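These notes concern the structure reproduced below.
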Amino acid sequence: MEIDKTKVKELFIAGGLNPAIAMMYRAAAGEPGLIIYLYVKWQLGFPHYMTKKKKTWIQVSNIGMHRHGFGMDPKTKSKALRKLEKENLIQLHLLEKSGKAPQVRLLTK
């Protein structure tokens, strides 16, 4: 993935990343798991637009991920989310057959 140097500030992940934790996500669900982890960590850096408080649940929508360069096939994302939940790395809030994007909360720091 080629990163546009003018958008580096937009892609900054607040709080830094622990490589050991990132590799736990990759070991559990492969590269899609790592991409989901990076996307959720990145989204956690943005406060809620109305309350200005940090969010704990992040919506992992196909459109949002694709728009910001974290896109992947929806079936791949779904499989990775279920693997990460099974390994107790995330908490997943999913309304079956609702058409709404799942919400994720990281269970690691």
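Please read all numbers here as calculations on a predicted model, not as lab measurements.
- Hydrophobic clustering places Met24 together with Leu34 (ILVMFWY residues linked when any side-chain heavy atoms are closer than 4.5 Å, directly or through intermediates).
- Judged purely by atom type and a 3.5 angstrom limit, Tyr25 uses its side chain to pair as donor or acceptor with the backbone of Leu89.
- Looking at Leu38 and Phe70, their side chains come closer than 4.5 Å, going by heavy atoms from C-beta outward.
- Each of His93, Lys77, Glu85 was compared with Pro102 under the side-chain contact (heavy atoms from CB on, under 4.5 Å) criterion, and only Lys77 meets it.
- Atom OG1 of residue Thr56 and atom CD1 of residue Ile58 lie 7.5 Å apart, to the nearest 0.5 angstrom.
- Taking CE from Met23 and CG from Asn18, the interatomic distance works out to 10.0 Å, rounded to the nearest 0.5 Å.
- Here the CG-CD distance, from Leu92 to Gln103, works out to 9.5 Å after rounding to the nearest 0.5 Å.
- Using a 4.5 Å cut-off between side-chain heavy atoms of Ile, Leu, Val, Met, Phe, Trp and Tyr, with links allowed through other members, Trp42 and Tyr37 fall into the same hydrophobic cluster.
- With contacts defined as side-chain heavy-atom distances shorter than 4.5 Å, the pair Lys79/Arg82 does not qualify.
- Between Leu44 and Leu106 the shortest side-chain heavy-atom distance falls below 4.5 Å.
- Under the 4.5 Å side-chain heavy-atom criterion for grouping Ile, Leu, Val, Met, Phe, Trp and Tyr, Leu81 is not connected to Leu107 through any hydrophobic cluster.
- Looking at Ile36 and Met72, their side chains come closer than 4.5 Å, going by heavy atoms from C-beta outward.
- More than 12 heavy-atom neighbours from other residues, nucleotides or ligands sit within 6.0 angstrom of CD on Gln91.
- Interatomic distance, OG1 of Thr108 versus NZ of Lys41, reported as 7.0 Å (0.5 Å rounding).
- Each of Thr76, Leu84, Asp73 was compared with Pro32 under the side-chain contact (heavy atoms from CB on, under 4.5 Å) criterion, and only Thr76 meets it.
- In this structure, Ile21 is a member of the same hydrophobic cluster as Tyr39, with clusters built from ILVMFWY side-chain heavy atoms closer than 4.5 Å.
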